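Proteins come first, then strands; the chains are lettered A, B, ... in the order of their sequence lines, and each starts at number 1. All values reported here derive from a predicted model rather than from experimental measurement. Heavy-atom basis, side chains included; hydrogens, waters and symmetry copies ignored.
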There are 2 protein chains.
Amino acid sequence: MCLECCNQSCLINNCTLDWIEKISSKKNTPHYPKNQFIFFEGSLVMGAYFIKRGQVKIISSNINGKEQTVRLAKEGHMLGHTAFGLEKYSIGAVTLSESEICFVDNRTLQEAFLENPKFTIEVMRFYSRELRKSEIRTKCLAMMNNEEKVILGLLYIAETSNDQNSNQTKIYLSRQEIAQIIGTNSEQVSRVISNLRKDKLLDTEDRTIVLHDLEALKATLSHYCIAIEY
Amino acid sequence: MCLECCNQSCLINNCTLDWIEKISSKKNTPHYPKNQFIFFEGSLVMGAYFIKRGQVKIISSNINGKEQTVRLAKEGHMLGHTAFGLEKYSIGAVTLSESEICFVDNRTLQEAFLENPKFTIEVMRFYSRELRKSEIRTKCLAMMNNEEKVILGLLYIAETSNDQNSNQTKIYLSRQEIAQIIGTNSEQVSRVISNLRKDKLLDTEDRTIVLHDLEALKATLSHYCIAIEY
DNA sequence: CGTGCTTTTGAATAGTATCAAGGCCGGTGG
DNA sequence: CCACCGGCCTTGATACTATTCAAAAGCACG
């Protein structure tokens with residue numbers, strides 16, 4: 001039930017009470033394990049997904065199967081939405097952690113948009129923010145060298161991670177997964193992480209990366225004037 | 001007057017008739033020459049811009065003044081929008097051709113959104129499409145080599161160009177401007193264009209680039225499964 | 001006709017991707 | 001329990017690509 005949902009950041013909360021109930025009765029909320037596809041590139045568009053809990057990567061591949069992560073999403077984010085009006089998703093989505101994700105079909109969503117202006121406006125603002133973030137990312141990936149890109153990637157992962165409880169952030173993604181976020185390969189990521197560890201900008205515990213000073217990492221990217229308000 | 005506007009693709013047309021008139025009475029439509037700033041990075045957000053005619057680049061710079069073009073826009077597109085809720089624009093916009101661009105202040109826009117669901121939905125869809133395009137671009141710029149990026153850039157410029165009347169598209173941007181769109185430098189662009197001319201994939205007339213076979217150019221990028229429906 | 005800007009091309013350099021080998025760790029099966 | 005296997009990580013050597021530097025030519029402009 002949406003009305004009892006723990007996730008305050010869910011966009012559906014911008015609907016009227018009776019619409020929240022209506023959506024609640026139509027949606028379903030499967031439980032996804034880690035590394036599970038939510039939808040595939042090329043599959044049919046049936047509706048939109050709202051992340052209740054967990055971290056998700058949005059991916060796009062070339063014909064050789066090489067995969068690029070184009071966006072990360074966490075609780076409160078919407079997925080699949082970018083495909084409205086098209087027949088098929090041009091991108092795919094995969095869970096990075098164990099997740100709960102609500103699915104709402106196109107028809108219900110369309111009616112909700114027409115009758116809940118506040119909801120529609122907030123969804124619009126969500127896209128607007130994501131577009132701005134995507135554009136800043138375009139700039140960074142175009143102008144940065146490998147070391148800077150890795151730092152950018154780590155900060156991005158940290159910001160879209162859910163466990164920001166303590167003063168240290170742990171990253172459980174593989175070197176390969178990080179490489180796909182910033183557009184390089186696992187060897188380069190490994191090299192840069194080794195250097196950053198020597199410079200005491202991060203620690204590693206086995207394969208886990210531990211960020212203990214986000215501000216110091218951000219400072220290394222300050223030349224790019226990144227607006228950091230995700 | 002919006003009601004008499006020649007631009008059928010303008011998003012404002014999704015409002016009710018009286019709202020179109022209301023917006024019409026509040027907006028202004030300055031005439032911009034080529035290479036004119038519409039708004040600067042860091043300036044205050046007063047409203048949104050609707051392109052009536054012309055081509056515009058959205059740019060973002062680093063602290064050294066190096067400039068990256070993160071998006072191209074043409075008639076029917078919205079600008080400045082991505083800054084709602086923020087105090088300042090994190091990006092800037094510059095005309096690439098002589099243009100007419102309508103400005104609507106934040107307050108009027110906000111009221112229009114609340115009372116014109118169809119308008120809001122279409123603006124949302126516009127963002128949604130732009131986000132998808134930006135993400136595909138992220139993938140391409142991450143995976144392509146320089147030659148492919150230049151071809152991608154030329155196709156992007158052609159698609160956001162207004163004079164698609166004949167079977168050949170002319171591009172008047174400098175090598176430097178093209179380089180900033182794809183994240184390289186003018187020398188590389190020059191080299192690639194020389195090679196493409198030898199391969200008969202394009203022609204040049206003085207500094208102008210002439211594309212006479214868009215399909216052949218697109219075919220060279222087919223490995224990337226680009227959804228080409230801008 | 002000179003000046004300044006863009007384009008083009010070559011050469012040197014720097015940076016990144018690729019290839020290869022070894023180490024570490026967890027899981028599996030004898 | 002231990003040996004083996006496969007996956008991921010790390011590091012070095014090498015090849016390749018892209019950037020930078022430099023110079024000359026072309027064009028626009030006063």
Side-chain angles (χ1 to χ4, degrees), chain A residues 34-35 62 64-69 96 139-154 157 170-199 201-210 220 223, chain B residues 33-35 62 64-69 96 139-154 157 170-199 201-210 220 223-224:
Chain A
K34 192 177 171 174
N35 292 324
N62 70 4
N64 304 318
K66 198 174 168 188
E67 194 174 280
Q68 171 74 20
T69 297
L96 286 173
K139 171 179 103 171
C140 289
L141 295 182
M143 301 208 298
M144 286 176 171
N145 64 28
N146 258 335
E147 179 168 291
E148 294 167 327
K149 283 192 212 176
V150 170
I151 296 174
L152 182 80
L154 294 176
I157 294 165
K170 295 193 177 188
I171 292 177
Y172 301 97
L173 305 202
S174 71
R175 309 294 181 260
Q176 173 70 15
E177 285 172 313
I178 296 170
Q180 287 171 339
I181 293 170
I182 58 176
T184 181
N185 53 52
S186 60
E187 293 97 324
Q188 299 299 328
V189 173
S190 188
R191 270 181 247 276
V192 171
I193 287 176
S194 295
N195 289 336
L196 293 177
R197 187 177 44 224
K198 283 174 198 155
D199 297 344
L201 280 165
L202 53 75
D203 301 313
T204 53
E205 294 172 0
D206 294 335
R207 295 171 177 182
T208 306
I209 299 163
V210 184
T220 65
H223 318 87
Chain B
K34 192 176 171 175
N35 292 325
N62 71 4
N64 304 319
K66 199 175 168 187
E67 195 175 280
Q68 171 74 20
T69 297
L96 286 173
K139 170 179 103 171
C140 289
L141 295 183
M143 301 206 299
M144 287 176 170
N145 64 28
N146 257 336
E147 178 167 291
E148 294 167 327
K149 284 192 211 175
V150 169
I151 295 173
L152 182 79
L154 294 176
I157 295 165
K170 295 194 177 186
I171 292 176
Y172 301 96
L173 305 201
S174 71
R175 309 293 181 261
Q176 173 69 16
E177 284 172 314
I178 296 170
Q180 288 171 338
I181 293 170
I182 59 176
T184 183
N185 54 49
S186 59
E187 293 97 323
Q188 299 300 326
V189 173
S190 188
R191 271 181 247 275
V192 171
I193 287 176
S194 294
N195 289 335
L196 293 177
R197 187 178 44 223
K198 283 174 197 154
D199 296 344
L201 280 166
L202 54 75
D203 301 314
T204 53
E205 293 172 1
D206 295 334
R207 294 173 176 181
T208 307
I209 299 163
V210 183
T220 65
H223 318 88
Y224 297 94

> With sugar-phosphate meaning primed atoms plus P, OP1 and OP2, does N146(B) contact a base, only sugar-phosphate, or nothing at under 4.0 Å between heavy atoms?
Replying inline: sugar-phosphate
> For I193(A) and dC9(D), what is the distance between atoms CD1 and P respectively, to the nearest whole Å?
Replying inline: 9 Å
> Of all the nucleotides listed (dT11(D), dG7(D), dA11(C)), which has the minimum atom distance to the side chain of R191(B)?
Replying inline: dA11(C)
>> For a quick check of understanding: with a heavy-atom distance under 4.0 Å over all strands, which category does N145(A) fall into, base, sugar-phosphate or nothing?
In response: sugar-phosphate
>> The side chain of E187(B) is closest to which nucleotide in this list: dT8(C), dC19(C), dC9(D)?
In response: dT8(C)
>> Using a heavy-atom cut-off of 4.0 Å across all strands, would you classify T184(A) as base, sugar-phosphate, or nothing?
In response: sugar-phosphate
> Separation of E205(A) atom CD from dC9(D) atom P, in whole Å?
Replying inline: 15 Å
> Looking only at heavy atoms, what is the nearest atom pair of N185(B) and A179(B), with distance?
Replying inline: C-CB, 3.4 Å
> Any idea which heavy atoms bring L141(B) and I181(B) closest together, and the distance?
Replying inline: CD1-O, 4.4 Å
> Under 4.0 Å between a Lys/Arg side-chain N and an Asp/Glu carboxylate O for K170(A) and E205(A)?
Replying inline: yes
> How many Å lie between CG on N185(A) and C1' on dT14(D), as a whole number?
Replying inline: 14 Å
> Rounding to a whole Å, what distance do you find between Y172(A):OH and dC9(D):C1'?
Replying inline: 18 Å
> R175(B) near the nucleic acid: base, sugar-phosphate alone, or nothing, with a heavy-atom cut-off under 4.0 Å?
Replying inline: sugar-phosphate
> Whole-Å distance between dC27(D) C1' and Q176(B) CD?
Replying inline: 18 Å
>> Can you measure N35(A) atom CG to dC8(D) atom P for me and round it to whole angstrom units?
In response: 10 Å
> Which part of the nucleic acid, if any, lies within reach of S190(A) when heavy atoms closer than 4.0 Å are counted: base, sugar-phosphate only, or nothing?
Replying inline: base
>> Under the criterion side-chain hydrogen bond (donor to acceptor under 3.5 Å, both in side chains), I'd like the reasoning laid out for R175(A) against S190(A): C-alpha separation, chi angles, the key distance, then a yes or no.
In response: CA-CA 6 Å; R175(A) 309 294 181 260; S190(A) 188; 4.9 Å; no
>> Can you say whether a donor on the side chain of R197(B) sits under 3.5 Å from an acceptor on the base of dT7(C), or the other way round?
In response: no
